[in-house]
2 protein chains.
Amino acid sequence: MEASRPDTATRILDVSERLFVEHGFEATSLRMITQQAEVNLAAVNYHFGSKDALFEAVFMRRLAPLIASCLAELDELEAREEKLSVESLVTTFIRPCLALSKDPARGGALFVRLLSRTLVENHRLLRETISQQYSVFVQRYSRAFHHALPELGVEELAWRMHFAFSVMFNAFAGNDVLKIFTRSQIVSARDPDMIVKYLVPFVVAGLVSPVKG
Amino acid sequence: MEASRPDTATRILDVSERLFVEHGFEATSLRMITQQAEVNLAAVNYHFGSKDALFEAVFMRRLAPLIASCLAELDELEAREEKLSVESLVTTFIRPCLALSKDPARGGALFVRLLSRTLVENHRLLRETISQQYSVFVQRYSRAFHHALPELGVEELAWRMHFAFSVMFNAFAGNDVLKIFTRSQIVSARDPDMIVKYLVPFVVAGLVSPVKG
DNA sequence: AAGCGTTTCAAACTTACGTTTTAATTTGAT
DNA sequence: ATCAAATTAAAACGTAAGTTTGAAACGCTT
């Protein structure tokens with residue numbers, strides 16, 4: 001019952017996703033990728049055109065479905081409830097991320113880590129192609145949070161959303177900013193369910209906290 | 001009244017700090033650095049030994065004083081107050097970061113961005129050298145937060161600190177995870193004072209929120 | 001079985017990288 | 001002023017990077 005070997009392009013995408021997360025885009029060479037994928041060096045340029053285009057392909061394979069899932073959850077929630085709670089809103093984002101993180105067939109947490117890393121790096125390949133395509137994502141969530149938290153001014157809301165998504169991305173990416181200083185033994189640091197148990201209350205508390213006089 | 005030209009090593013450090021933030025360590029070549037610093041290519045290896053050692057030098061120049069400042073604030077606070085508030089505790093970390101971000105002579109927000117970026121990248125040069133040196137930082141804050149929030153279990157506290165430092169690092173680093181999707185016009189996104197105004201309440205609310213039954 | 005588009009392969013190409021070398025120059029103490 | 005040490009400079013070294021090439025192998029229709 002050996003798993004059938006995926007085709008060349010898929011093998012390249014899978015290995016690239018992992019190596020880009022581990023070493024970063026620049027530090028990952030096509031020779032590392034093609035060796036681990038057990039394909040010929042020229043296969044990358046044949047199937048994807050260039051290393052830059054490969055990165056975009058790796059990225060879009062996961063990002064498009066992930067964003068679609070979030071928006072679908074948002075649609076469903078807005079159809080079901082009149083007044084949205086902040087927690088349910090946060091969950092529409094968390095749940096697809098969690099599902100992705102727990103699905104080895106889709107690379108598990110690899111992509112969320114890649115996403116987080118790429119956002120922090122402010123990657124040139126992201127600025128150009130992805131920002132315009134997925135502005136609808138931010139717009140939808142901005143409107144939804146505005147309805148859930150009408151007492152917040154637009155500036156304060158924007159900041160709180162910024163903070164909320166920052167910490168959520170980092171949590172799923174497993175970027176333990178404290179562990180790097182110590183040998184801290186949060187053994188469950190990469191267990192997605194544990195993340196959510198503590199993450200949602202933290203984020204919701206920050207979002208709904210009363211405005212300072 | 002032209003500023004006197006700093007010596008070669010300092011010019012290299014200053015330029016490297018900026019380029020490492022902009023393009024990352026791997027994508028920044030010594031030729032880019034030495035050209036912009038207007039020094040000879042061999043100067044990096046002469047003064048620092050290698051590109052790896054240069055990165056460490058760039059990093060330690062800022063990190064050691066920053067951590068020292070945080071711990072000094074912590075000492076002062078613990079000497080002054082019996083029972084520490086979470087907000088005052090958060091401020092002992094925020095204030096040195098803010099001071100650094102507002103001081104052009106120390107590179108302004110550049111280093112905090114580099115720190116954030118390097119943490120997310122889980123950089124090899126960080127794991128080896130810095131983690132053991134600065135474990136005292138995490139230990140001190142862990143103890144302090146434990147005293148300020150005695151009702152939290154060690155696991156829950158570790159998670160909340162993880163989330164709190166994540167969002168603080170990202171905020172100072174100016175990693176606007178939402179702006180990359182849109183052309184969002186939070187014009188003040190890089191204004192350190194604005195960050196603190198909204199950041200502290202958000203973080204404190206997450207930290208002190210009551211434990212779920 | 002022949003033919004044809006698609007894919008794979010080994011090899012080479014060009015370029016840029018970090019580093020080293022050797023000599024020239026500057027600096028600072030005597 | 002002199003000499004030794006520290007610094008700068010120009011050039012080259014060896015390696016590895018992304019990409020291209022042209023032929024071989026494969027898969028499919030006829």
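Below, chain A is the first sequence line, B the second, and so on; all start at residue 1. It should be emphasised that the depicted structure is a prediction, and the values quoted were computed from it without experimental measurement.
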* Structure fact -> 5'-most to 3'-most nt of DNA chain D touching chain B (<4.0 Å, heavy-atom partner on protein side) reads dA6(D) to dA12(D)
* Please work out which residues in residues 46-55 of chain A have a non-hydrogen atom less than 4.0 Å from an atom of DNA chain D and list them by number. => S50(A), K51(A)
* If you look only at pairs with a residue in residues 21-39 of chain A, which of them pass as a side chain to side chain donor-acceptor pair (under 3.5 Å), with sequence neighbours excluded? -> R18(A)-Q36(A)
* Minimum heavy-atom distance between H47(A) and A9(A), given as atom pair plus value -> ND1-CB, 4.2 Å
* Structure fact -> Within residues 33-41 of chain B, those residues having any heavy atom closer than 4.0 Å to DNA chain D are N40(B)
* For this output row, return yes or no: ring centroids of F59(A) and F20(A) closer than 6.0 angstrom. => no
* **Centroid separation F172(A) to F111(A) less than 6.0 Å** => no
* Side-chain heavy atoms of F25(A) within contact of D52(A), under 4.5 Å -> yes
* To do: Can you tell me the distance, in whole Å, between the CG atom of L19(B) and the P atom of dC17(C)?
  => 12 Å
* Name every residue in residues 8-18 of chain A that has at least one heavy atom under 4.0 Å from any atom of DNA chain D, in order of residue number, or write none if there are no such residues. => none
* For atom CZ of R124(B), decide whether the heavy atoms of other residues, nucleotides or ligands shown that lie under 6.0 angstrom number more than 12. => yes
* **Test of ring centre spacing under 6.0 Å for F55(A) and H123(A)** => yes
* Please name the pair of heavy atoms, one in L199(B) and one in A171(B), separated by the smallest distance, quoted to 0.1 Å. => CD2-CB, 3.8 Å
* Inspect the contact between R140(B) and E78(B) and indicate whether a charged nitrogen and a carboxylate oxygen are less than 4.0 angstrom apart. => yes
* Asked: In whole angstroms, how far is the P atom of dG18(C) from the CG atom of N45(B)?
  -> 9 Å
* To do: Return the orientation label for the Y198(A) and W159(B) ring planes: parallel under 30°, perpendicular over 60°, tilted otherwise.
  => parallel
* Structure fact -> Between A42(A) and M32(A), the residue closer to the 5' end of DNA chain D by nearest nucleotide is M32(A)
* Find out whether F163(B) and V203(A) are in side-chain contact, i.e. whether some heavy atom of one side chain is under 4.5 Å from a heavy atom of the other. => no
* For R31(A) and dC13(C), what is the distance between atoms CZ and P respectively, to the nearest whole Å? -> 14 Å
* Residue pair L89(A) / L74(A), side-chain heavy-atom distance below 4.5 Å -> yes
* To do: Taking the side chain as every heavy atom from C-beta outward, state whether L41(B) and Y46(B) have any pair of such atoms under 4.5 Å apart.
  => no
* Could you give the angle between the helix axes at the two ends of the helix from dA1(C)-dT30(D) to dT30(C)-dA1(D), with five pairs per end, rounded to 10 degrees? -> 10°
* Asked: Hey, does the side chain of R117(B) reach the backbone of V21(B) with a donor-acceptor pair shorter than 3.5 angstrom?
  -> yes
* Report yes if some heavy atom in the side chain of F169(A) is under 4.5 Å from a heavy atom in the side chain of V120(A); otherwise report no. => no
